[in-house]
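First the structure, in the form of C-alpha cells, and then the observations on it.
Chain naming here is simple, since letters A, B, ... match the order of the sequence lines and numbering starts at 1 in each.
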Protein chains: 2
Amino acid sequence: LNIVVVGGSAAGMAAAAKAKRTNPSANIIVFEKTKYVSYAPCGIPYLFMGLVDGFDKLVYYTKEYFISKRGIDVRTRHEVVKIDESEKSVVAIDLESGREVNVNYDKLILATGGLPRKPNIDGIELEGIYTVRNLEDGERLHETALKSKVIAVVGGGFTGLEFAEAFIKMGKKVLLFQRRNHVIRSMDPEITKIIEDELIKHGIELHLGESVVEFRGKDKVEKVVTNKGKYTVDMVLASTGVVPNNNLAAKLGLKLGSYGGILTDEFMRTSNPDIYAAGDNVETKHIVTGKYVYIPLAPAANKMGRVAGDNAAGGNSRFPGIVGTAIVKVFNLEVGRTGLSLREALDNGYNAVAETIKHISRSHYYPGHKEIYVRLVVDRETKRILGGQIVGYEGVVGRVNTLAAVITAHMKTEDLSMLDLGYSPPFAPVWDPLVVAANVIERKLK
Amino acid sequence: LNIVVVGGSAAGMAAAAKAKRTNPSANIIVFEKTKYVSYAPCGIPYLFMGLVDGFDKLVYYTKEYFISKRGIDVRTRHEVVKIDESEKSVVAIDLESGREVNVNYDKLILATGGLPRKPNIDGIELEGIYTVRNLEDGERLHETALKSKVIAVVGGGFTGLEFAEAFIKMGKKVLLFQRRNHVIRSMDPEITKIIEDELIKHGIELHLGESVVEFRGKDKVEKVVTNKGKYTVDMVLASTGVVPNNNLAAKLGLKLGSYGGILTDEFMRTSNPDIYAAGDNVETKHIVTGKYVYIPLAPAANKMGRVAGDNAAGGNSRFPGIVGTAIVKVFNLEVGRTGLSLREALDNGYNAVAETIKHISRSHYYPGHKEIYVRLVVDRETKRILGGQIVGYEGVVGRVNTLAAVITAHMKTEDLSMLDLGYSPPFAPVWDPLVVAANVIERKLK
C-alpha cells in the first residue's frame, strides 16, 4: 500500500504516523515544502518573548526521527506541483536540486494547510510587511522585529494578540489595528472589553474600529494609513486570518466549501474516494449547527490527520467535527471560548440569549482568588447551551474545556446547573462559576 | 406557606434561600444547632495553615444577613428534638435558654448533614481524640493542635490528607495511619502512589496498611497502638469518614438506604411527600451506575438544597445525581477523581479496564510545564468512560471537570479522543492529556 502525504505539519505528520501504526507494511511518503516537519508554529510568539530558545525547539519530531524510528519516508524542501488522479501519481520538485520526483499512490492525503489571508490593501507588497504561518516565516519575522522599534499589528484575532504581546515583551512600541470595534471576532464585546483593557494596561496602543487603507513607504513600509490617521512604523505584521491552501485540490476538482476548504465526510475522504484531506485546508462540521465551518486550529488538524491516516491505511475512524474551542493567554489573562458566540448564534438563526456573570476562581476565603467572567449563550426554546466565553486571571481553560464537553453533549442549562464539578477551596468556590452562570441564565429564561 | 428547615449548613441555607426566592411570601424558619450558619468547614485546614485569619471568614453569609436581607427566620443554637408528622410540627430546644420552641410546617426540609464516623477502637473516648465536621469542632481541634507536638491522623481520605498537611504547616510532627495499603479509597493505587510520594516528601510519616487497634492514655490520649507498633502522640484526629445524621429521619420512619442516608426522588422528596431532604444526610443516585450512593460533598449538598428549597416552595427542579467528582490539593499536587475507580467499576459488575498515562500540562517547549498523570476507567463492551483520576502539579482540576461532563454525558473513548479541547502553549499541549489517555485506552481495547 502506497500512501502519499502532501504537507508535513500537524495534520500531515499525524496522518503519516497513524497510517504507519495502522498498517506497518504501508509505504508512506511525506512531501513538505519547508525544511521543518511536525512543528508548532503556535510557539513562535513565545520564542519572541524569550521563553523558547531556538526554532528547533518548536519541532515535535525531526525528519530523521520519522525516517529512522517510524519508517516513514519524509522529504522536506519538496513541493508537490502536480497530482494526476487517473494515474494516481504525484509530481514533486526537490527545491534543493530542482529535480522532479514522481511517485504513485494508492491513497493520497492532502494536508496542505492554510495560507495567511493577504488583506486587499494598497502597498501590501512593500518590504517590511509580514505574515506568519510556518517556522520559516517566523524566522524572517523575528529577524526584522529585532531591528524594529515601532511595529504595527493588523488584526486583533488570537494570533494578532499573541504577537502584539510578544513584540511588547521584545521592548517594541506596538500599534494594534482592528477593523471591528472589538478584538477576537468569535467573542462578544461584553467579554472582549476585559481583554482590551488588559492590552492597554500592558502598553499596547489599541486602535479599534480603525481600518488600514494603505501602507506607504519607499523601499519598505514606513507608514500605516487608516481611516482615522497616519502612523509611522518600522514594520507590519498582517494577522488578518487564514485561508485554505487548496491550489492542488482545486486543480483536481475536489469538492470545496464556501470558505474554499475541502469538504470531506467524517472519514476525512474527499469527493475522490482515494484522496483524503486533513488540517487547515479542510472545512469541518460544527457540532452545534451541523454546518461546515472553517476554523483552522491545531488540535482539530491533528485529529483530522489521525483519522485520515488511519482510514487511508485501512482503519475505521471518524472525525465528528468541532465546537470551535479556542484559548489564548493575553498577558496575565486567560481567555477561552467554545461553541457559538451570541452573534454567531443569532447569525445561525437561533433564538439565542446570553448572560455574563462575574465570580471568583477559588473560595472567597482562600488567598489569591481572582475574578473570573463567564458568558453563556443559550437557545431560548430548547435551553440548550450553544456557547461559552470565559476570561479571568486563573482557572479559565479547564472551565472552557468543560463547556466544550457540555456543548458537544448537547446539554441544557439545567444539566450544567446540576453538573457535578469538583470543589476544593484552593481551586474552586463551592458554586463553581459555570454552575452560577447556568443558574443565572436559567432564571433569565423563566 | 410555612417551610421549616432543620440544619443551617450548606444544604439547609441553600434550601432556605432558594425557597424564599421561589416563593417570596413563604414563611421560612431555619433551626441550626451550632452558632454558625452557611459556613465552609472545608476551609478549616486552610485556616490551620495560616491562609485564613479567623473562623468567621469561613462563613458565607451570617445569620443577620439571612434575617435582614433575605427575610429568612434563622435560629442558631436551636436543636430540633422532635418532629410530628401527623400534626406537621417541630419542637426545637433553644440551647441558650433551654426553652422549647414549637412551630408548624407545611413543608419540612431535613438538612441535618453528616456526623464523623467514630471508629470502633478501644480508647476512642479518651480526651485529645478529635473529629471535625463543623466550625465549632474546628475551633476545638485548633486549640489543642496549637499546643501539640506530635499529631496522629487516622484515615487517609481527602479530609485526612488536608489536615495532615495543615498540621505539617503548623510545624507539627504528623503520623498518618491508613488501614488500607493506599490513601484515598476512591482512587486506584497506580495514581495514589504519586500522592503518597508527595506526602512523604513533605515530611508526613505515612503508615499504610496499618490498623489502629487501640488508643492508650491516662487523662488523655498518649499512645496510638496499631497492628504493627506503638506510637507516642499528643493528640489524634480521627478522619475515618462520615455517616448520615439521621436520628430524626429514622424516628419519623422515613425510607433510608443501605448507607443510612435518606432516600429521595429526584425532587428531593422523602417517602413523606411533605418532607424534603438535602445534603450529607441523603443518599443520591450515581449517574454512572444508577445506584444509590453516599458520597457527602459540599457541591452536591448545595445543589440538593437548592432543589429541595425550590420544590418545597412550589417550584419544579430536579437533582439528577452525581458522578462523585472530588478534588484536593496535597502540598504542591493537584488531585482529582470522577466517576468510578477501577475497583468501583469491577465491584459494580462492569467488565472494566483502566490505563494510566503520563503526559505534560503545557507544550513541551513552554517553560514550566509539569508532569500530569491521567487514568481512565472504561467499560470494555460499550467503550463508555466510567471514571477518571488525574494527578499533577498543574492543570488537573479543569481536566477532572471536563471528564465529569464527559462521564455525565455517557461519552465513549472515541468521543473523548475527538473532543474539541482548547490548545495554547501556555495551557496545554496540542494533544491534550485527556485525548492522549483516550487514544491509549482505545488502542488497548482493540
[X] [atom1] to [Y] [atom2] distance, which is reported to the nearest 0.5 Å:
X	Y	atom1	atom2	result
A:Glu394	B:Glu394	CD	CD	12.0 Å
A:Trp431	B:Asn302	CH2	CG	4.5 Å
B:Lys446	A:Thr22	NZ	OG1	6.5 Å
A:Asp420	B:Leu297	CG	CG	7.5 Å
B:Asn439	A:Arg306	CG	CZ	3.5 Å
A:Ile322	B:Leu421	CD1	CG	12.5 Å

Proximal component of [X], with respect to chain A [non-hydrogen, under 4.5 Å]:
X	value
B:Arg337	neither
B:Phe158	neither
B:Ala300	neither
B:Ala10	neither

Closest non-hydrogen atom pair between [X] and [Y], with its separation:
X	Y	value
B:Lys57	A:Tyr365	O-CB, 3.6 Å
B:Val430	A:Pro299	CG2-N, 3.9 Å
A:Met411	B:Ala409	CE-CB, 3.9 Å

Give the member of [options] that has the highest number of heavy-atom pairs under 4.5 Å with chain A.
options	result
B:Val323, B:Ile327, B:Ile287, B:Leu403	B:Ile327
B:Ala428, B:Pro429, B:Pro367	B:Pro367
B:Phe427, B:Tyr366, B:Phe319, B:Tyr60	B:Phe427
B:Ser363, B:Ala404, B:Ala298	B:Ala298

Examine whether an atom of [X] lies under 4.5 Å from a heavy atom of chain B, and if so say whether it belongs to the side chain, the backbone or both; otherwise answer neither.
X	value
A:Asp53	neither
A:Val59	backbone
A:Glu334	both
A:Val397	side chain
A:Ala301	neither
A:Val435	side chain

So does [Y] get a backbone contact from the side chain of [X], meaning a donor-acceptor N/O pair under 3.5 Å?
X	Y	answer
A:Lys329	B:Pro425	no
A:Lys303	B:Leu419	yes
A:Asn401	B:Gly422	yes

Heavy atoms of other groups near [X] [atom1], more than 12 under 6.0 Å:
X	atom1	value
A:Tyr61	OH	no
B:Lys285	NZ	no
B:Lys412	NZ	no

Options A:Pro320, A:Ala14, A:Gly395, ranked by heavy-atom pairs under 4.5 Å with chain B, top entry: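 Of the options given, most contacts go to A:Pro320.
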Most contacts with chain B, counted as non-hydrogen pairs under 4.5 angstrom, among A:Met304, A:Arg318, A:Glu442, A:His364: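 Highest number of heavy-atom pairs under 4.5 Å: A:His364.
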Residues in residues 43-51 of chain B near chain A [non-hydrogen atoms, under 4.5 Å]: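 Those residues of residues 43-51 of chain B which have a heavy atom under 4.5 Å from chain A are B:Gly43, B:Tyr46, B:Leu51.
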